[in-house]
Protein chains: 2
Amino acid sequence: MTKLSGVVNEEPVPAGAQVADALRVRITEGGLPPGTQLRDTALAAEFGIARHTLRNALRQLEYEGLISYRMHKGAVVKTLCTEDVHEIYRVRRTLELAAVQQSALAGSAALRGLEERVRAAEVAVACESWNTVGTASLWFHQALVELLGSRSIDRFFQGILAQLRLAFAVMPDEAQWQPPWIPRDREICDLVRGGQRGAAIAATRQYLEDSELAVLDVVRADEMTGRT
Amino acid sequence: MTKLSGVVNEEPVPAGAQVADALRVRITEGGLPPGTQLRDTALAAEFGIARHTLRNALRQLEYEGLISYRMHKGAVVKTLCTEDVHEIYRVRRTLELAAVQQSALAGSAALRGLEERVRAAEVAVACESWNTVGTASLWFHQALVELLGSRSIDRFFQGILAQLRLAFAVMPDEAQWQPPWIPRDREICDLVRGGQRGAAIAATRQYLEDSELAVLDVVRADEMTGRT
DNA sequence: GGCCTTGAATTGTGGAACAATAATGACTAA
DNA sequence: TTAGTCATTATTGTTCCACAATTCAAGGCC
């Protein structure tokens with residue numbers, strides 16, 4: 001509803017892309033829980049844009065893996081199945097471990113980014129802003145992958161983590177679930193910055209192992225409730 | 001109306017997606033060389049679809065990195081600059097080396113795929129079907145990455161290699177350029193299948209190093225001719 | 001209850017139109 | 001002549017409307 005105010009000299013952004021951004025936020029913040037049907041006429045009306053333009057936005061989100069399209073059945077916010085979780089963690093293992101392995105070659109700016117984002121997560125824990133904690137932690141892992149120095153990989157990984165956030169969206173008690181991971185993020189951060197590559201790899205591998213199992217629990221629990 | 005038992009239930013494919021596939025082929029085969037303006041009215045007329053549908057197809061290709069959009073200036077087939085080449089090879093190094101490293105865990109089907117595609121490339125060389133050689137070689141490297149067993153990474157990497165094909169599209173003498181790489185593909189394939197991980201990694205790293213420089217030469221040469 | 005039919009709702013696509021911007025070319029001025 | 005200005009045209013981004021194809025929900029029939 002709010003017409004986005006653009007700073008004058010910026011490159012103009014197509015309306016569809018703006019709506020895509022807004023929807024992406026709504027989905028990853030849990031405003032549109034997995035399984036939600038996205039009726040294009042309704043959404044178009046809500047955002048005050050034409051149906052075609054909205055459908056463009058939905059297409060973009062489909063490419064990013066946040067919604068799934070089926071012919072003549074429209075768009076649905078994706079619900080993660082266990083295989084999806086395995087897939088997400090296959091990607092995480094590949095990219096995060098590769099990033100830690102090559103961390104010696106990373107620029108100092110990227111390394112500082114690590115520290116910043118871990119600290120942000122710790123602040124979120126201190127503030128007891130639980131819904132922020134999960135996002136901050138994911139941002140840290142995004143920063144890890146950014147050590148590789150590849151923009152396309154960064155974008156790709158961003159989509160993967162956005163999908164992972166779909167699992168957070170159906171989590172019953174984020175306050176219990178999220179905080180324990182932050183000290184482990186801190187540990188990985190310090191090991192990487194300290195140049196202790198072997199230990200960093202081991203810590204990251206174990207982290208991903210444990211995290212995958214934990215997320216699987218959440219997804220399986222959600223599958224149970226959904227099947228009733 | 002009842003479906004006969006055993007008949008495959010084909011999900012219908014949206015028209016936009018079909019056109020996107022056709023355009024992707026045209027671009028990667030060189031039918032639409034880099035820099036070509038893609039006028040949507042003309043293309044829509046040619047494919048016999050509405051402008052909206054065609055624009056959806058273009059959006060998809062934009063997401064894959066094959067075309068670039070600029071507001072109110074439409075779509076253009078992307079022309080690789082040297083930074084783009086660096087970026088492509090950053091991704092290749094990350095994923096292909098990670099794949100070779102983890103090749104011990106790969107399934108036997110994936111390993112057979114390696115052999116198949118190298119052989120296809122060798123056949124193409126024997127047939128002197130030079131335009132096929134480059135594509136076959138890229139397919140081999142795609143198979144390498146498939147050792148990781150991740151569908152999303154496969155799709156991502158496919159897009160990257162499609163971008164690389166844009167460099168082939170402006171290459172003056174593919175017959176000279178492509179064949180020398182095939183024996184090196186063969187070497188990597190045999191090392192991986194033989195379980196000689198260290199040697200395989202070294203060979204792959206050297207391959208990517210040399211390949212990047214060679215592609216950079218092509219792109220730089222093209223930049224010169226384009227600037228006149 | 002189970003099955004079929006029917007009508008409404010929704011999607012996928014087409015077509016025309018319009019404002020905003022870019023490209024083009026003519027015209028003027030130095 | 002050459003540079004700059006301005007109007008004309010093309011093209012894009014977006015909207016509205018329309019319609020066939022298909023799914024969904026409800027009701028009627030056995």
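Below, chains carry the letters A, B, ... as their sequence lines are ordered, and counting in each starts from 1.
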Between dT12(D) atom C1' and D40(B) atom CG, what is the distance in whole Å? 7 Å

Tell me if a side-chain donor or acceptor on R90(A) pairs with a main-chain N or O of G149(B) at a distance below 3.5 Å. yes

Per nearest nucleotide of DNA chain D, the residue lying toward the 5' end, G16(A) or M71(A), is G16(A)

Under 4.0 Å between a side-chain N or O of K73(B) and OP1 or OP2 of dA23(C)? yes

Separation of dG12(C) atom C1' from N56(B) atom CG, nearest Å, is 10 Å

Nearest to the A15(A) side chain among dA20(C), dG12(C), dT14(D), which nucleotide is it? dT14(D)

Below 3.5 Å, does any donor atom in the side chain of H52(B) face an acceptor in the base of dT14(D), or the other way round? no

Looking at every strand, decide which applies to R39(A) at a 4.0 Å heavy-atom threshold: base, sugar-phosphate, or nothing. sugar-phosphate

For dT15(D), take OP1 and OP2 only and decide whether either is under 4.0 Å from a side-chain N or O of T53(A). yes

Does dT11(C) have OP1 or OP2 under 4.0 Å away from a side-chain N or O of R55(A)? no

Scan L38(A) against the nucleic acid and name what it touches under 4.0 Å (heavy atoms): base, sugar-phosphate only, or nothing. sugar-phosphate

Could you state the CG-P distance from L54(B) to dT12(D), rounded to the nearest angstrom? 10 Å

Euclidean distance, atom CZ of residue R70(B) to atom C1' of dT21(C) [Å, nearest integer]: 13 Å

Might you confirm whether atom CH2 of W139(A) has over 12 heavy atoms from other residues, nucleotides or ligands at distances under 6.0 Å? no

So do the side chains of R155(A) and R151(A) get within less than 4.5 Å of each other, counting heavy atoms only? no

Heavy atoms from C-beta onward define the side chain here; which of dT13(C), dA16(C), dG13(D) lies closest to that of Y69(B)? dG13(D)

Do H141(A) and D185(A) come close enough that some side-chain heavy atom pair is under 4.5 Å? yes

Of the candidate nucleotides dA21(D), dT13(C), dT14(D), which contains the atom at the shortest distance from the side chain of H72(A)? dA21(D)

For the pair made of CZ in R51(B) and P in dA10(D), what is the distance, rounded to whole Å? 15 Å

Atom CD of Q37(A) and atom P of dA25(D): how far apart are they, to the nearest Å? 10 Å

Where does the angle between the aromatic ring planes of Y63(B) and Y63(A) fall among parallel (under 30°), tilted (30 to 60°) and perpendicular (over 60°)? tilted

